[in-house]
Number of protein chains: 2
Amino acid sequence: MSISTASKALNDTGRMGAETRERVKRIAGEIGYRPNALARGLLSKRSFTIGLLTNDTYGRFTLPVMAGISDALVDHGVSVFLCAIEDDPALAQIHVDAMLDKQVDGIIATGKRLDRRLPVDLSNLHVPVVYAFTEGTQNSVTFRSDDEQGARLAVEWLAGIGRRRIAHITGPEDFFSVRERAGAYHQVAGHREPVLYGVWSESWGHEVVEQLWKRPGEKPDALFCGNDQIARGAADALRERGVKVPQDVSVVGFDNWEIVAAQTRPPLTTVDMELKELGRQAGLTVLALAEGRPVEPGVRKLPCRLIVRQSCGGKSPTE
Amino acid sequence: MSISTASKALNDTGRMGAETRERVKRIAGEIGYRPNALARGLLSKRSFTIGLLTNDTYGRFTLPVMAGISDALVDHGVSVFLCAIEDDPALAQIHVDAMLDKQVDGIIATGKRLDRRLPVDLSNLHVPVVYAFTEGTQNSVTFRSDDEQGARLAVEWLAGIGRRRIAHITGPEDFFSVRERAGAYHQVAGHREPVLYGVWSESWGHEVVEQLWKRPGEKPDALFCGNDQIARGAADALRERGVKVPQDVSVVGFDNWEIVAAQTRPPLTTVDMELKELGRQAGLTVLALAEGRPVEPGVRKLPCRLIVRQSCGGKSPTE
DNA sequence: CACGGTTGGTAAAAGCTTTTCTCAGGCCAC
DNA sequence: GTGGCCTGAGAAAAGCTTTTACCAACCGTG
């Protein structure tokens, strides 16, 4: 039996007797034959391998994205190189070169911030590049969460359950997503309350609640927080002051970081950025590009989803 | 210029004029030539690629391990496939097969529990397998944290700062590491206090403190907790009861999960399992095996390290 | 019966490196 | 002057798969 006959039998290609084909397949199965993907890739120019480049050391954003990518591509036989580059341009270049040497079919760049670039230029590679949750280049395909829509979701929910004095406690103003969420907040809630910019920590949430409740006058009846950590800090501060959550004040977070959101007392209603779905779409897109299928460049905003837990109370306006 | 001459020039092999060699290298640099790792791997039987298999979806343990592996292997030109298999045997098999097809030089198996196997048999592969933070097979190389030593570290520290009534609040007893830590706790602290087995959550830590302080009699002056989440719940409960941490009660956690330990009030002194170092050693070991260097099979316990923050107080006994 | 078409299978090339072998030429020594 | 040795470079094989081209045999038909 010649090698080429076996190859054609296994790939259902060429002309040959059905009986021969079956026999080859059976024997291949018996001896546990598996084609060498390296040799196959050498010929087909496809390695069925992609690279995921990230500067998000902690993995808060990368892991769900990775899970989505893997989920979408495992059916296509694609494996994923994960490269954590920690904002080190030299390290990034080493990893990119290593991946290119290994003939990856494409690269997905991801990060921890929508408005920052990875410290390496991926714009003139001869393999397709897709950006996910990080700033892309001109004419690239970029996937990101729709923070405006997510913020609107949260604030409209609060308004829907009857909250009227909604404060917005959030992170540093130089974050693009912070400005976008604040914009949506203003659109829905008006400009009665200022946006409270700070840092992404529990202590900031705690501190700002202290300030708000110490000063005289009417208090907010809802807090829309820029992430779950701030929300947790705020919820803790409220509880310590004897303010009841959610009876007196509703609290909404952002990120749906389970370890924070689900452990808060009470568990946080929060906005989920659907990063896994984002990863899935990024994966399918880089695959499409690798296969030469045309993909429209541009920024795709994926909708967020509100995860309702117990920190808001009220009746759902929709149910 | 023949291809073989160029190859020899670039690899500093074969005999040739120094001038020719230099010229080839210069031109290769100019045109940005990079050898195709697939073709190279086809010949050398080395793909400079390894696989990391994990069932730790959340990445709490996998990410540091991954960082260590990558850190150790990037200098050797090795890239890492990350495969999250979520305890799904079929998915695991798909990933393993895909990696084997791609001729990985080795596989590192990691998980979220020392005493559980991954849902896939890796014992008869023709590539080396190293286990890190998961149960290995007979005659394999396994890296794990030394939980006994870590627990001793914590309890001795508490004893060293003068604590005498040290309670141990921990997770489910069926965890091997729980029993090991409890054993070390008993060794050092004696059997005055029972070990309080429960679950790995903040609420369990909270609840157990409520119980302890509600019942009459002498209270513990230190809590050694099985993980940082339990410690955080306990610290919160103490604060709510007006018990001062660390003045009245010292609290120690386990894991050094920054997002929990550093955000606790006060920030937690905790035991770090040095997972990055564990990953580094696992990476170097799988590389050694791939290169045919002999490695003694067996279980290697890596020491833990105590991270001192503000939840203990007292004077360091060593400084 | 001979020829065209079909069928089932083999041989060979291509993909990119590395390694081993071979070869041509130059130089030295006898 | 010629044989042997050394040097620098090229040819070829190997690694594994896929694809194209090719070939032999067979069948049916004019």
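The chains referred to below are lettered A, B, ... by the order of the sequence lines, with proteins before strands, and numbering in each begins at 1. Model, not experiment: these values are computed from the prediction.
- Rounded to a whole Å, the CG atom of B:Leu42 is 14 Å from the C1' atom of C:dT19.
- Here B:Ser7 reaches the OP1 or OP2 of C:dT18: one of its side-chain N or O atoms lies under 4.0 Å away.
- The shortest heavy-atom contact between A:Asp146 and A:Pro303 is CB-CA, 4.3 Å.
- We find that CG of A:Leu38 is positioned 10 Å from P of D:dT17, with the value rounded to whole Å.
- Computed from coordinates, the A:Ile3 CD1 to D:dC16 C1' distance equals 8 Å when rounded to whole Å.
- Separating the CD atom of B:Glu19 from the C1' atom of D:dT7 is a distance of 15 Å, rounded to the nearest angstrom.
- A salt bridge links A:Arg305 with A:Glu274: the closest approach of a Lys/Arg side-chain nitrogen to an acidic carboxylate oxygen falls below 4.0 angstrom.
- Taking 3.5 Å as the limit, the base of C:dT10 and the side chain of A:Lys8 contain a donor-acceptor pair of atoms between them.
- Regarding B:Phe48, its CZ atom lies at a distance of 20 Å from the P atom of C:dC16, rounded to whole Å.
- Here A:Arg34 lies in heavy-atom contact (under 4.0 Å) with sugar-phosphate atoms only.
- Between B:Thr5 and A:Pro35, the residue anchored nearer the 5' end of DNA chain D, judged by the nucleotide with its closest heavy atom, is B:Thr5.
- One finds no side-chain N or O of B:Ser4 lying less than 4.0 angstrom from the OP1 or OP2 phosphate oxygen of D:dG10.
- Nucleotide C:dT17 holds its P atom 15 Å from the NZ atom of A:Lys102, rounded to whole Å.
- A sub-4.0 Å separation between OP1 or OP2 of D:dC16 and a side-chain N or O of A:Tyr33 is absent.
- The two residues A:Leu278 and A:Ser145 make their nearest non-hydrogen contact at CD1-N, 3.8 Å.
- Residues A:Asp121 and A:Ser123 have side chains that bring a donor and an acceptor to within less than 3.5 angstrom of each other.
- Dashed line: the shortest gap from a side-chain N or O of A:Asn11 to OP1 or OP2 of D:dT18 is under 4.0 Å.
- In the set D:dC16, C:dT18, C:dC16, the nucleotide with an atom closest to the side chain of A:Asn36 is D:dC16.
- Between the C1' atom of D:dA9 and the CZ atom of B:Arg23 lies a distance of 11 Å, rounded to the nearest Å.
- Residue contacts shown for B:Ser44 are absent, as no nucleic acid heavy atom lies under 4.0 Å away.
- Between B:Lys45 and D:dC16 there is a side-chain polar atom (N or O) within less than 4.0 angstrom of OP1 or OP2.
- Here D:dC22 presents its P atom at 20 Å from CE of A:Met16, a figure rounded to the nearest Å.
- Salt bridge status for B:Lys25 with B:Asp12: present, with a side-chain N to carboxylate O gap under 4.0 Å.
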